[in-house]
Amino acid sequence: MTRIQQVLLELETGYLGHPYYVTGNALYQALAQRIDEQTRRALSVSNGMFLPKAYGTPPSWYSQDSLGKVGLSLPPVETYDDLFLLRDAAQRWLKSSWPRDAHNAHPVQTHGGRLAFDSVTWFGRPPEMKSSKRSVRWFVQCYLSTTGSHSKSVLPVADETLDGLQVGGARNYGFGRLSVVDSQLVDLEALDYDRIAAADKHALELVSPFVMASDYPGADDQSVPWWWDVSGPDSASRVESDRDSELDRSSGSELRRRSEQLVDDGEVYELATVDHGQLVGYDGSDPIGTAKNGVSRIGTHSRFGFGELRVRPASDDRVPDRVEQIHDLGKADVPGGEA
C-alpha cells in the first residue's frame, strides 16, 4: 500500500518566497521542527501549489459531476487524474464565466522595498451592490509521502502538527503563516487508472522541476531519463507540440531549463533543473507504474518536491476550452461581429 496525505492550507499572512509555488523544501524545513527524528528521515513533501478560494467547474476527466467552492475542503479523489485537479498552476477548474485570469493572479504587496504575495485579492463591485468590494482568499495545496515502508507509522501527520507552519522570508515578522483547512489520506494502489490504461500513447507533464545537477554535498547528477521521448516529430510529445507552445520542439538538450536553489541549515546550494510545466513524450512500457512513481517523484531532491510527473494520454489538450476560444476569435474577425 502506497499512501499520500493531501493537505489544504490557508495563507493567513503575506508570503515572501518562490513566485510559482511554496517549495517542498520550505514546507519540509518548517515541518521538521515539529516532528521526531524518525519521521524527519522518512517524510517527503511536495511543492505547495497556490490556488484561490472560488467556485469551479470540474474538467471532463474529473470523477465528480460538480465541484462547488474550492477552498472549503479537499475534493474527493477516486481516480489517478483526480490527484492533479489542484496541482495545475493554471487552475483550469475556475469558472470561465468569472474573471478567471484575475482570480488566479496573486496580488503583490511592498514591505520596506521587499515584495510579498498577499493572502487576499480584492475586487471592486458595481455601485448597486450592497458592499463596494469582495475578497478572494489564497490557499496552498501540497501532499506528504514517505520513503520505504514507513507510511503506516508516519502518515497521517496530525493537523495540530501542520497548523501554524511558516514559510518564506521575514517569518519573524509574521509572514508566511499557514493554517490547516483539511487533510486526507489517498491510497495510490486503490485509484482508478483506466484512462491511462486505455490510451495507446502517453505524454509526461513535469509538474515540478527535475533536477539535473546539484551543488548539495553527495547529490547525484542526472541525465534526461531514457523513457522521456523528446527525439523526433512522430513522438507523443510532437503530437502535443502542435497545440502547446510550451512543449520542447527539439532534442533533450533544448528542454527549457531553470536555475533553482536549495537552502539547508543556512547554506544555499545551486541546482540546474529541467523547468516545470513542460510536456514530453513517454517511451516507456509501464505507464501506470510510471504514474505512481511520478506522484512519489523521481530523481535528486525528490523528497523536497522536485521531480513530480503526471502521465497523460497523448491526445489530451491541457486547455480544454481552446477550441471554443479559437471559434470565438474567428467570429470576432468577421465584419460586424457575426459569423
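Between Q141 and L74, the closest side-chain pair of non-hydrogen atoms falls below 4.5 Å. Counting heavy atoms from C-beta on, the side chains of N25 and E260 never come closer than 4.5 Å.
N47 places a side-chain N or O within donor-acceptor distance of the main-chain N or O of G24, the cut-off being under 3.5 Å. Not a single donor-acceptor pair under 3.5 Å links the side chain of D275 to the backbone N or O of R256. Panel note: side chain T13, backbone G176; a donor-acceptor pair is recorded below 3.5 Å. The closest donor-acceptor contact from the side chain of Y282 to the backbone of D286 lies under 3.5 Å. A distance-only check finds no donor-acceptor pair linking the side chain of E12 to the backbone of S179 [under 3.5 Å]. Checked by atom type and distance alone, the side chain of D163 never pairs as donor or acceptor with a backbone atom of D159 at under 3.5 Å. Listed for the S145 side chain is no donor-acceptor partner under 3.5 Å among the backbone atoms of I4.
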**Message:** Walk me through whether L178 and L11 qualify under side chain to side chain contact (heavy atoms under 4.5 Å, CB included).
**Reply:** CA-CA 5 Å; L178 304 169; L11 184 61; 3.7 Å; yes

**Asked** Can you check ring pair (Phe, Tyr, Trp, His ring centres under 6.0 Å) on W228 and F210, steps first, answer last?
**Response** CA-CA 12 Å; W228 291 16; F210 175 76; 5.2 Å; yes

**Request:** Could you go through the side chain to side chain contact (heavy atoms under 4.5 Å, CB included) check for K53 and F139 one step at a time?
**Result:** CA-CA 7 Å; K53 184 177 183 179; F139 294 76; 3.3 Å; yes

**Prompt:** Can W93 and L86 be said to form a side chain to side chain contact (heavy atoms under 4.5 Å, CB included), step by step?
**Reply:** CA-CA 8 Å; W93 50 266; L86 306 181; 3.5 Å; yes

**Request:** Would you check, one step at a time, whether the test side chain to side chain donor-acceptor pair (under 3.5 Å) holds for T79 with D82?
**Result:** CA-CA 5 Å; T79 70; D82 290 351; 3.1 Å; yes

**Request:** Go through R303 and Y28 one step at a time and tell me if the side chain to side chain donor-acceptor pair (under 3.5 Å) criterion holds.
**Result:** CA-CA 9 Å; R303 70 179 307 190; Y28 175 86; 3.3 Å; yes

**Message:** Quick one, V7 with Y143, criterion side chain to side chain contact (heavy atoms under 4.5 Å, CB included). Give me CA distance, side-chain angles, the key distance, then yes/no.
**Reply:** CA-CA 6 Å; V7 183; Y143 63 91; over 6 Å; no

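Counted within 6.0 Å of CG on D200, heavy atoms from surrounding residues, nucleotides or ligands total 12 or fewer; the atom is thus considered open. In R41, the CZ atom is not crowded: 12 or fewer heavy atoms of neighbouring residues, nucleotides or ligands sit closer than 6.0 Å. Surrounding OH of Y173 are at most 12 heavy atoms belonging to other residues, nucleotides or ligands under 6.0 Å away. When the shell of 6.0 Å around OH of Y269 is examined, it contains more than 12 heavy atoms from other residues, nucleotides or ligands. In this structure, Y55 places its OH atom where only 12 or fewer heavy-atom neighbours from other residues, nucleotides or ligands lie under 6.0 Å away.
For H106 and Y15, the gap between ring centers reaches or exceeds 6.0 Å.
A cation-pi contact links R310 to W61, judged by a cut-off of 6.0 Å to the six-membered ring centre and 45° from its axis.
Side-chain contact annotation: Q184 with Q5, donor-acceptor N/O pair under 3.5 Å absent.
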